Asks: 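To start, I am sharing the structure in question, which I have written as structure tokens.
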Protein chains: 2
Amino acid sequence: MRISELSRETGVSIASIKYYLREGLLPAGTALGARQSDYGNEHVTRLRLIRALVDVVGLPIAKVKRIFELIDEPGDDIFATLGQAVDSLPPYTTDGEADAVDYPRARAVIERLGWTYDPRYAGTAQLERSIAAIDGTGIPMSDARLDAYASAARQVAEFDISRMPQADAAPAAAIEYAVLGTALYEPVLVALRRLAHQDITARSLAGDDES
Amino acid sequence: MRISELSRETGVSIASIKYYLREGLLPAGTALGARQSDYGNEHVTRLRLIRALVDVVGLPIAKVKRIFELIDEPGDDIFATLGQAVDSLPPYTTDGEADAVDYPRARAVIERLGWTYDPRYAGTAQLERSIAAIDGTGIPMSDARLDAYASAARQVAEFDISRMPQADAAPAAAIEYAVLGTALYEPVLVALRRLAHQDITARSLAGDDES
DNA sequence: TGCTTTAGATAGTATCAGTATCTACTATTG
DNA sequence: CAATAGTAGATACTGATACTATCTAAAGCA
């Protein structure tokens with residue numbers, strides 16, 4: 001497939017495709033000569049993935065590149081690779097240093113839940129940051145709320161893991177599922193929460209009318 | 001409080017505070033003279049809110065401004081105001097026109113759940129967009145998954161609504177809770193999902209070791 | 001043969017979110 | 001009371017990001 005077809009197929013402009021090639025987000029096609037390359041179905045998929053991560057998840061190009069690098073060359077340690085991938089997802093914590101950091105708000109929640117508290121998990125810093133950001137804004141963040149959210153989050157996570165490709169049988173597929181699933185399913189979950197708000201509110205208004 | 005104190009209190013630079021004042025995100029302080037203004041606690045709260053929405057939720061300044069406008073001057077129709085606020089949250093759908101649009105993937109889900117399908121809800125377009133973005137990327141999006149996510153989302157939403165200030169008694173507080181709660185609690189929910197992934201995976205690895 | 005397309009390089013643009021500087025003061029401090 | 005620091009408001013500048021546009025030299029196709 002030529003670059004013009006790839007562009008038509010995906011709706012991404014040729015200029016943007018060239019930009020993604022330059023930035024290393026999209027692998028080069030197989031060269032057919034000095035002035036032509038052949039692009040395959042994997043380029044179509046990859047481009048759709050780029051658009052999904054950029055437009056829907058809202059990731060900057062550099063983070064998208066990092067994620068593809070982790071997918072294309074995962075280390076031996078799937079667990080560590082996934083951790084690094086989650087680190088590429090917002091909200092960015094950008095610490096980098098500091099070995100002995102502690103995340104008190106996150107720790108309190110995690111320990112109350114009986115989950116594994118580990119300050120090295122990217123998610124731990126993200127939870128801390130999310131809770132800390134709410135402090136001082138006048139928006140309440142009670143333990144009861146955290147428990148309710150955690151229980152729902154765990155249900156979703158149980159489902160996610162149950163559908164994950166076997167890590168020992170297909171490590172590349174498992175990494176890809178874990179990394180992309182973490183990022184791409186999030187907007188679905190939050191959209192459903194917003195719709196549930198609407199539905200519940202609409203029902204209660206309808207109930208008021210009837211009574 | 002002078003601007004330098006406000007800056008020290010919140011950790012936001014004076015230059016940035018002035019920028020927010022210019023952009024209308026932060027109301028002006030009460031003028032004490034031509035060269036001095038007095039800022040109060042509401043400015044501290046507002047600044048923390050701006051940083052939370054910008055840094056953690058990832059909203060652009062213009063959307064933050066829109067949200068404050070809705071909070072500060074909500075219309076009579078709380079339901080409509082909330083809808084407009086949700087429209088200011090990513091993923092942005094940017095249609096604007098088109099009366100008779102239909103969102104087939106979202107509709108299928110919502111009708112299967114027995115929720116109220118309404119293409120005018122911002123969340124409907126957001127759900128459509130989120131699901132559509134996953135199509136063609138090789139990441140699976142089954143009905144079973146959508147059902148699992150919806151059930152979890154509904155649990156969270158039920159909790160949210162149960163803690164919402166009474167709309168008829170305190171409409172301003174209800175709007176603020178709904179708008180900010182929708183935005184600010186989302187990062188908490190997704191962070192908890194990521195941590196649950198880690199915890200479940202860590203447990204299963206530990207289980208493998210023992211066996 | 002002439003029009004279109006392409007790879008690869010380089011330069012330009014639009015937007016965003018601040019920063020920096022300047023003026024003309026006012027407030028505080030030694 | 002003089003020097004220093006701080007301030008409001010205006011304007012200009014900056015750096016990052018994500019493209020877009022243009023150009024060159026060569027194929028491809030009709």
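Computed from a predicted model, the values in this text were never measured in an experiment. Throughout, protein chains are lettered first and strands after them, A, B, ... in sequence-line order, and every chain is numbered starting at 1.
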Asks: Which donor-acceptor pairs under 3.5 Å do side chains of residues 68-83 of chain A form with protein atoms, sequence neighbours excluded?
Replies:
{"residue": "A/D72", "atom": "OD1", "partner": "A/R46", "partner atom": "NH2", "Å": "3.1"}
{"residue": "A/D72", "atom": "OD2", "partner": "A/R46", "partner atom": "NH2", "Å": "3.4"}
{"residue": "A/D77", "atom": "OD1", "partner": "A/F79", "partner atom": "N", "Å": "3.0"}
{"residue": "A/D77", "atom": "OD1", "partner": "A/A80", "partner atom": "N", "Å": "3.2"}
{"residue": "A/T81", "atom": "OG1", "partner": "A/G75", "partner atom": "N", "Å": "3.4"}
{"residue": "A/T81", "atom": "OG1", "partner": "A/D77", "partner atom": "O", "Å": "3.0"}

Asks: How does protein reach along nucleotides 14-26 of chain D, written 5' to 3' as B (base within reach of a heavy atom under 4.0 Å), S (only sugar-phosphate), or - (no contact)?
Replies: ----BBB----BB

Asks: Does the side chain to side chain donor-acceptor pair (under 3.5 Å) test come out yes or no for B/S7 and B/S4, once each step is laid out?
Replies: CA-CA 5 Å; B/S7 170; B/S4 53; over 6 Å; no

Asks: In whole angstrom, give the distance that lies between atom CD of B/E5 and atom P of D/dA8.
Replies: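 Rounded to the whole Å, the gap is 12 Å.
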
Asks: Restricting to non-hydrogen atoms, name the atom on B/V109 and the atom on B/I131 that form the minimum distance, rounded to 0.1 Å.
Replies: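 Result for this residue pair: CG2-CD1, 4.0 Å.
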
Asks: Is a side-chain N or O of B/R48 found less than 3.5 angstrom from the main chain of B/H43, in a donor-acceptor match?
Replies: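 Absent.
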
Asks: Does B/S4 place a side-chain N or O at less than 4.0 Å from the phosphate oxygens OP1/OP2 of D/dT7?
Replies: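 It does, given that an N or O in the side chain of B/S4 lies less than 4.0 Å from OP1 or OP2 of D/dT7.
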
Asks: What does the inter-axis angle of the helix from C/dT1-D/dA30 to C/dG30-D/dC1 come out as, five pairs per end, nearest 10 degrees?
Replies: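 The angle, to the nearest 10 degrees, is 0°.
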
Asks: Can you work out whether B/D55 or B/L32 has the more 5'-proximal nearest nucleotide on DNA chain C?
Replies: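 Nearest-nucleotide comparison on DNA chain C picks B/D55.
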
Asks: Could you name each residue pair satisfying salt bridge (Lys or Arg N to Asp or Glu O under 4.0 Å) that touches residues 121-148 of chain A, not counting sequence neighbours?
Replies: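 For residues 121-148 of chain A: A/R105-A/D135, A/R112-A/D143, A/R112-A/D147, A/R145-B/D160.
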
Asks: Calculate the interatomic distance between A/I14 atom CD1 and C/dT6 atom C1'; express it in whole Å.
Replies: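 Those two atoms, CD1 and C1', are 8 Å apart.
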
Asks: Quickly work out the A/M1 CE to C/dT5 P distance and round it to whole Å.
Replies: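 Distance, rounded to whole Å: 17 Å.
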
Asks: Separation of B/Q36 atom CD from D/dA5 atom P, in whole Å?
Replies: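 Between P of D/dA5 and CD of B/Q36: 17 Å.
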
Asks: Rounded to the Å, how far apart are B/K63 NZ and C/dT15 P?
Replies: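 Result: 15 Å.
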
Asks: Using whole Å, what does the distance between atom P of nucleotide C/dC16 and atom CG of B/L25 come to?
Replies: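 About 13 Å, once rounded to whole Å.
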
Asks: Kindly write out the residues that satisfy salt bridge (charged side-chain N to carboxylate O under 4.0 Å, His left out) with B/R51, not counting sequence neighbours, or none if the list is empty.
Replies: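 Salt bridge (charged side-chain N to carboxylate O under 4.0 Å, His left out) check on B/R51 returns B/D55.
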
Asks: Could you tell me the separation between the CD atom of B/E23 and the P atom of D/dA10, rounded to a whole number of Å?
Replies: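 Checked: the CD to P distance equals 13 Å.
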
Asks: Any idea which heavy atoms bring B/P165 and B/A173 closest together, and the distance?
Replies: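 Distance-wise, the nearest heavy atoms are CG-O, 3.9 Å.
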
Asks: Compare every heavy atom of B/S162 with every heavy atom of B/F159, then report the nearest pair and how far apart it is.
Replies: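 Reported closest heavy-atom pair: O-OG, 2.7 Å.
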
Asks: Just to verify, what does B/E9 make a salt bridge (charged side-chain N to carboxylate O under 4.0 Å, His left out) with, not counting sequence neighbours?
Replies: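 Applying salt bridge (charged side-chain N to carboxylate O under 4.0 Å, His left out) to B/E9 gives none.
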
Asks: Rounded to whole angstroms, how far apart are CD1 on A/I3 and C1' on D/dG28?
Replies: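 After rounding, the gap between these two atoms is 16 Å.
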
